Structures are given as C-alpha cells and as structure tokens.
Amino acid sequence: MEIRIERTTAPKQKPADESKLGFGKIFTDHMFIMNYDEGQGWHDARIVPYGPIVLDPSASVFHYAQECFEGMKAYRCADGHIQLFRPDCNAKRLQDTHERLCIPKIPVEDFVEAVRALVDVDRDWVPHIDGASLYIRPFTIATMPQLGVHASTMYQFIIICSPSGAYYAEGINPVKIYVESEYVRACPGGTGYIKCGGNYAASIAAGEKAEKLGYSQVLWLDGVERKYVEEVGSMNIFFKIDGEIYTAACVGTVLPGVTRRSCIELLKSWGYTVHEGKLAIADVMKAAADGKLEEVFGTGTAAVVSPVKQLDYEDQSALIGDGKIGPVTQRLYDELTGIQWGRLPDTHNWTVRV
Ligand SMILES: *Cc1c(COP(=O)(O)O)cnc(C)c1O
C-alpha cells in the first residue's frame, strides 16, 4: 500500500503538562484516511493534517450506524523508541467486525502499516511520562449518500490519535460494580463480538444508571437468561475462585479483547487453570459468601486491568479480597505494562517497533 503524506504547515502546540492529559480530548497534527468505492476497492491512502471531514447528510453512517472502530496504543520506551502492542490482533478483529457489518475488509498488513506510518509522522506526540501513551482510534464509516437500508458502496477508514494520560495517575483503585439485570448488551446472533458504535449507543443508559447509583461500571449478564456473567462496561472480566481463573468464552456475545487474550496466555504460562465458559452470577455470589472469591478484574487496552472490590447484584453484595488489588491482578498489570513500555523482555513477540 502506498501512503501519500501531506504534512501540516501549522503544527499545534503540544500539551505542556503531560500529567493533565486525561483521555481522548486532544488530537495530534495528522490523521490517516483511505476511501473505498465499489469497483475501485480501498484506495487513496493518505496522511493529512487533522481536521473536520465533510460528509453528505444522507450518508448511511448517520442513519443506520454502519460504523465500527478499534482501540490501541503506542508506547514510548525509556530509550526513546516507540512501539505498538499486538497490532495484528486489532487488524484481524477489525476484519471480523467488517465482515459482520458487510464492509469490505482491509488487509492486516495495510492496517498495521497505516497505524505505523501515522504514529511515525506524529511520533513527537507520544507522551514521555510514566504510564501515559498515545491512544490510537481507527474507525470505518459508511458514506454512501442514500437512505435505503443496504450495505453502503462507499466507506472511509480513518485513524486519529490522542495523547492520553496514565489511567492510574492516582494509583490503582479497585472499583464498585453494579450487576445489571434489566438492560442487556448483547444477544446470540447479534453484534456483541464486534466493536461497533451501536453496541455502545445501546449501553449508555445502563452506564448512566449505574453512575447515578454510585458505581463506576456495569457488569453485563447474558441477554437470554440474564444469569451468566459476560463483560464489565467495555472490558472483559475475570474471576479468581478457589485458585482457578474463570472468564466468559468468546462465543458471539463477548468482545474478544486483545488484553483478555494476553492475560489468558500469561496466566496459562504461569501454570494457572483458566476456564473459558459459562459462569453464573449466582455461583460468583456464592463463592463470595463462602470466602472463595479471591480476585475479580476487568481487562482492556485503556486500563490494562481494573480490579473490582465489590459486586452488587439485586439485594446481595459481594466484597472481594480486602478491597485492594489482588496478587494475580497486580502480576498481570506489572507484566503487561512492563512489556508494553519495554521494561521487560518481550518473550512472546507481542511488540512492533514504529
Ligand atoms: C474494546 C472492548 C474490550 C477490550 O478489548 P481490548 O482489545 O482488550 O482493548 C472489551 N469489551 C468490549 C465491549 C470492548 O468494546
């Protein structure tokens, strides 16, 4: 793939204080864009100055949400080099997403090359301070200017980047989770296993409700029986019960997280038994009552791991460990962030240099 590069003539001021970056609020100087038109395929790959895009108001994305995205990061290592973490996994997941949404696929190599080229052009934007990183948001939108409900014949694939602060700027604080038994996130045959914006639009109501009740996230149960644990907010979720690890299987309603997969691979390499399958919320609450619920944590690119200290389900409350991050959760956090920031040897070949 050939990428045309048009550099900005008006570079923006970079944030002076990297400890105040927050998440997803400021954007770098450039963006990657590539178009798809029926008959031409994906074409016109380019890196151009960051700015608004012009779309017809009838573009399908605005009406029928033919839209999807990815989320990944670039990390600056102590010696100054910049690296990505398993970008091929994001590329493959985007292909699965495109397939479900009837969007033509982008070759894995082209996706990785586009991310690398953009991060290279904006490399001075990759934060320097500990824990901060460059968040990368690739996304695809249907741009065909027609109101019929059909697969679009025109798309844009765009990548934008946002320097983002350390997720745990104030240290790792375990969170309180509300087990949602009214709203559902995903059903068999639906879109729970892909990263499409529509899943998020449908989840906002539950998130707002949980926030009002004083919780930081929602734990989603399966959409059919509302019995089995699936995900927490926009993270996968793991439970350590009586020495063994449990997480929902990726069978159509659970997003196959890159962090989830990496945690499973690490846990197995450390000798843990990892069960990927159905785990009833009733069994989780019972394990807590029996003193066997040792650790609970979410996993995702933004937080890496997010320890849970309390689960509230209907009128029951489960308190986990002593309210502090558990040893396995901490070990996963240290190992993954160590590899991502180049402090530990990358024995799994997970990182790719920019
Ligand atoms: C993105 C996402 C995750 C986490 O995936 P990672 O690849 O680990 O960042 C988990 N659940 C949902 C619903 C997601 O959208």
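Just so it is clear, the model here is predicted, and its values are computed rather than measured. We count ligands from 1, going down the list as the structure has it; atoms in each ligand are counted the same way. In this chain, numbering begins with 1 at the start of the sequence shown.
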Aromatic centroids of Y135 and F23 separated by under 6.0 Å |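 So the answer is yes for these two rings.
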
So is there a nitrogen or oxygen of [X] less than 3.5 Å from a nitrogen or oxygen in ligand 1?
X: P256; value: no
X: N90; value: no
X: R260; value: no

Name of the residue among I47, I158, D44 meeting side-chain contact (heavy atoms from CB on, under 4.5 Å) with I33 =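 Testing each of I47, I158, D44 against I33, the sole residue satisfying side-chain contact (heavy atoms from CB on, under 4.5 Å) is I158.
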
Is there a salt bridge (Lys or Arg N to Asp or Glu O under 4.0 Å) between D88 and R93 once you walk through the steps?
-> CA-CA 9 Å; D88 54 311; R93 185 167 69 192; over 6 Å; no

What protein heavy atom sits nearest [atom], and how far off is it?
atom: atom 15 (O) of ligand 1; answer: Y200 OH, 2.4 Å
atom: atom 8 (O) of ligand 1; answer: T259 OG1, 2.6 Å
atom: atom 11 (N) of ligand 1; answer: E231 OE1, 2.6 Å
atom: atom 14 (C) of ligand 1; answer: K195 NZ, 3.0 Å
atom: atom 13 (C) of ligand 1; answer: R185 NH1, 3.3 Å
atom: atom 9 (O) of ligand 1; answer: T301 OG1, 2.6 Å

Applying a strict 4.0 Å limit to heavy atoms, is R93 in contact with ligand 1?
->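 Within the 4.0 Å threshold, so yes.
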
Touching ligand 1 at all, M72? Heavy atoms, strictly under 4.0 Å?
->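 No, that is not the case, since the closest heavy atom of the residue is not under 4.0 Å from the ligand.
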
Mutual orientation of the aromatic rings belonging to H348 and W350 [parallel < 30°, tilted 30-60°, perpendicular > 60°] =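 Rings of H348 and W350: parallel, as their planes differ by under 30°.
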
Can you label the angle between the F297 ring and the F238 ring as parallel, tilted or perpendicular, going by 30° and 60°?
->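 Parallel.
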
I'd like to know if [X] pairs up with [Y] as an ion pair, taking the criterion as any Lys NZ or Arg NE/NH1/NH2 lying under 4.0 Å from an Asp or Glu carboxylate oxygen.
X: E99; Y: K105; answer: yes
X: K209; Y: E182; answer: yes
X: K286; Y: D283; answer: no
X: K195; Y: E70; answer: no

Between V258, V254, V232, flag the one that comes closest to atom 6 (P) of ligand 1 by a heavy atom.
->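 When every heavy atom of V258, V254, V232 is considered, V258 comes closest to atom 6 (P) of ligand 1.
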
Nearest-option assignment for atom 3 (C) of ligand 1, heavy atoms, candidates G257, G300, S234, C196 =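 Residue with the shortest heavy-atom distance to the ligand atom: S234.
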
Going by the order shown, which atoms of ligand 1 are within less than 4.0 Å of some heavy atom of M235?
->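 Under 4.0 Å from M235, ligand 1 has these atoms: 10 (C), 11 (N).
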
